[in-house]
S.K.: 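Have a look at this one.
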Amino acid sequence: MHNDPNWGFIRALFGARIERLKNLKHQDRGALSIETLMIVAGLVVVAGIAVAVITVKVNEKKATIK
């Protein structure tokens, strides 16, 4: 999974976003909370996709075992 280019892209994308959040000034706290919410939402979507892929793979293996 760590050699997958999509995984590298996602890590770079979220790494850049998190680094940007760390460097925000106090006057941008409203944007900070909105952007944090978007990051969390993105992570939830990624986790959902990962669960779906794992479920499909398990079901494929289960079908071949029968």
S.K.: What residues form a side-chain contact (heavy atoms from CB on, under 4.5 Å) with I54, not counting sequence neighbours?
M.R.: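 In terms of side-chain contact (heavy atoms from CB on, under 4.5 Å), with neighbours along the sequence ignored, I54 is linked to V58.
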S.K.: Applying a strict under-4.5 Å side-chain criterion to I, L, V, M, F, W and Y, I'd like to know whether V53 and V45 cluster together.
M.R.: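 Per the 4.5 Å side-chain linkage, V53 and V45 are co-clustered.
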S.K.: Say you draw a straight line from OG1 of T55 to NZ of K62; how long is it, rounded to the nearest 0.5 Å?
M.R.: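 Spacing of OG1 (T55) from NZ (K62) equals 10.0 Å.
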